Amino acid sequence: MIEFKKFTLRDKDWVDAIVMAENSRSADFNFGNIYIWDKRYRQLAARLGDRLLVKLRYAGRPMFVFPIGSGPLRPAIEALRAYAEAQSTCFCLRGITEEHRALLEEEYPGCFSYQEDEDNADYIYLAEKLSTYAGKSLHSKKNHANRFEAENDWSFEPLTRELIPDCLDMLDLWEEENRERLDRSVVYEHDALIRCFAVYEYLNMDGGVLFANGRIVGFTVGELICGDTFDVHFEKAEGSINGAYPMVCREFTRMLMQKYPQLTYINREDDMGLESLRRSKESYRPAYKLKKYTAHWVDNHAAAD
């Protein structure tokens, strides 16, 4: 029987190796996101060969994540099925991409039903476009950035431990200004960001800070999640300052492209089903949306070998 354990920083090296072997652009499969969102999803880990098994709570009930990694898929699926049966719970897998769906159908034809999780689709952007805002579709972003540059004495710097306290002060201001429109999930986001900052260096993340006239007006944090994609976990800016958000996005992308020459895509994660967030993410013109599904086991017997 699988023995699930709480994620700790000691797990980072072996989890990172499996994540990179998976080489997925999905935001669901990286140590940083798993670790910092612990309070909301209570994710537990186990290892089976070269695959990562994850149990979590979603919408108040236990579920599992597609067992990413390399090597045979069937032993991992069978181990999760046996665990679910022993716990008298439904066997459901979250975070299923189109590639995962194809693998499941090849191994277990007709044994799963699939439900698209539209609110959890990741917005994937071309890094080159975010670094320049070139083209008609991003003309307004470029104009806002130009106005910010013209109206402010500004700089953009890498996030360091010394800057974190001032970033938290800015976060408090941002939450106060946006309190009326914020979804209740912002409480979990606040906790996740605090957890991220507490061990920022150990998580090996990249971050950037936007200054205007001597004070912080925006910051952002994320991590490389596969060979060509960077996942932006957090992005905050003072909305009352024209162009602050486009500047944070553009300057961080430029910083990342210098550090990671192979970088092609930026994953700016999902919109959580929030209309305002959806409009914002669409306004940056994603190259595509990475669809995700929940897979439900519907066959009462194991598929034939």
Side-chain angles (χ1 to χ4, degrees), residues 1-7 11 15 18-19 22 24-31 33-122 183-185 187-188 191-192 269-274 289-305:
M1 182 65 65
I2 303 170
E3 184 179 355
F4 284 107
K5 297 181 178 180
K6 188 180 180 68
F7 279 90
D11 296 313
V15 171
I18 288 177
V19 168
E22 177 72 16
S24 172
R25 295 187 184 125
S26 172
D28 294 347
F29 309 116
N30 57 77
F31 184 84
N33 257 347
I34 294 171
Y35 181 84
I36 64 180
W37 288 94
D38 176 73
K39 187 170 183 178
R40 182 168 192 180
Y41 298 113
R42 303 176 189 176
Q43 299 185 77
L44 303 175
R47 182 172 187 169
L48 186 64
D50 291 320
R51 289 193 176 271
L52 171 64
L53 311 186
V54 176
K55 176 178 177 287
L56 74 161
R57 292 196 66 82
Y58 187 83
R61 62 193 184 102
M63 289 188 178
F64 305 94
V65 176
F66 181 87
I68 65 167
S70 57
L73 176 61
R74 179 176 284 263
I77 296 295
E78 291 303 315
L80 291 174
R81 284 186 59 228
Y83 183 92
E85 183 176 357
Q87 299 294 316
S88 299
T89 186
C90 295
F91 179 43
C92 299
L93 293 170
R94 284 187 55 79
I96 304 295
T97 65
E98 296 284 6
E99 291 79 5
H100 296 152
R101 181 171 177 169
L103 290 172
L104 288 173
E105 282 303 297
E106 180 181 355
E107 196 69 48
Y108 295 94
C111 291
F112 287 95
S113 66
Y114 301 90
Q115 178 182 1
E116 184 176 351
D117 299 325
E118 295 184 8
D119 295 346
N120 294 312
D122 288 339
D183 181 78
R184 287 182 299 174
S185 62
V187 174
Y188 292 110
D191 290 338
E269 300 191 351
D270 58 53
D271 58 36
M272 300 186 294
L274 302 176
K289 290 175 69 174
L290 195 157
K291 293 182 179 180
K292 300 176 192 174
Y293 302 85
T294 296
H296 301 265
W297 183 263
V298 296
D299 197 315
N300 291 323
H301 62 275
D305 291 333

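Everything numeric in this text was worked out from a predicted model, so none of it was measured.
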State which residue, out of Leu80, Leu56, Leu93, fulfils the side-chain contact (heavy atoms from CB on, under 4.5 Å) condition with Val65.
-> Leu56
Considering only heavy atoms from C-beta outward, does the side chain of Phe7 approach that of Val15 to under 4.5 Å?
-> yes
Rounded to the nearest 0.5 angstrom, the NZ-CZ distance for Lys55 and Phe4 is 7.0 Å
Between Asp11 and Arg47, is a salt bridge (Lys or Arg N to Asp or Glu O under 4.0 Å) present by the stated rule, with each step listed?
-> CA-CA 10 Å; Asp11 296 313; Arg47 182 172 187 169; over 6 Å; no
Check: Asn33 side chain, Ala27 main-chain N or O, donor-acceptor pair, under 3.5 Å = yes
To the nearest 0.5 angstrom, please state how far the CG atom of Asp119 sits from the CE atom of Met272.
-> 10.0 Å
Contacts of Glu118 that satisfy side chain to side chain contact (heavy atoms under 4.5 Å, CB included) - sequence neighbours left out = Glu116
Got Arg81 and Phe64 here, is their nearest side-chain heavy-atom distance under 4.5 Å?
-> no
For the student: nearest non-hydrogen atoms of Ala46 and Glu3, plus distance = CB-O, 3.8 Å
Partner set under side chain to side chain contact (heavy atoms under 4.5 Å, CB included) for Ser24, not counting sequence neighbours | Glu22, Ser26, Phe29
If you look at every heavy atom in Cys90 and Ala84, which pair is closest and at what distance?
-> O-CB, 4.3 Å
pair Leu44-Lys6: side-chain heavy atoms closer than 4.5 Å | yes
Could you list the residues that satisfy side chain to side chain donor-acceptor pair (under 3.5 Å) with Asp271, not counting sequence neighbours?
-> Tyr123, Arg278
Determine whether Phe91 and Phe112 make a side-chain contact, defined as any pair of heavy atoms from C-beta on separated by less than 4.5 Å.
-> yes
In Å and rounded to the nearest 0.5 Å, what is the CD1 to NE2 distance from Ile96 to His296?
-> 10.0 Å
In terms of heavy-atom contacts, Thr89 and Pro62 come closest through OG1-CG, 3.5 Å
Heavy atoms of Asp28 and Gly95 approach each other most closely as OD2-CA, 3.4 Å
Non-hydrogen side-chain atoms of Asp38 and Asp191 separated by less than 4.5 Å = no
Less than 4.5 Å apart, any side-chain heavy atom of Val54 and any of Ile68?
-> no
Is there a donor-acceptor pair closer than 3.5 Å between any side-chain N or O of Arg74 and the backbone N or O of Glu107?
-> yes
Kindly write out the residues that satisfy side chain to side chain contact (heavy atoms under 4.5 Å, CB included) with Pro75, not counting sequence neighbours, or none if the list is empty.
-> Leu48, Pro72
Could you pull out the closest heavy-atom pair between Arg51 and Ala76, with the gap in Å?
-> CD-CB, 4.0 Å
Considering the options Lys289, Arg25, Lys291, Lys292, which one meets the side-chain contact (heavy atoms from CB on, under 4.5 Å) requirement together with Asp122?
-> Lys292
Can you tell me if Arg57 uses its side chain to pair, donor with acceptor, with the backbone of Arg42 under 3.5 Å?
-> no
Taken to the nearest 0.5 Å, the spacing of Tyr114 OH from Glu98 CD works out to 10.5 Å
Closest heavy-atom pair, Asn30 versus Val19, reported as atoms and distance to 0.1 Å, is CA-CG2, 4.0 Å
Who are the side chain to side chain contact (heavy atoms under 4.5 Å, CB included) partners of Arg94, not counting sequence neighbours?
-> Tyr58, Met63, Asp117, Asn120, Thr294
Arg101 meets the side chain to side chain donor-acceptor pair (under 3.5 Å) criterion, sequence neighbours left out, with none
Thr97/Phe66 under side-chain contact (heavy atoms from CB on, under 4.5 Å): CA gap, chis, key distance, verdict = CA-CA 9 Å; Thr97 65; Phe66 181 87; over 6 Å; no
State whether the number of non-hydrogen atoms from other residues, nucleotides or ligands found under 6.0 Å of Glu85 atom CD is greater than 12.
-> no
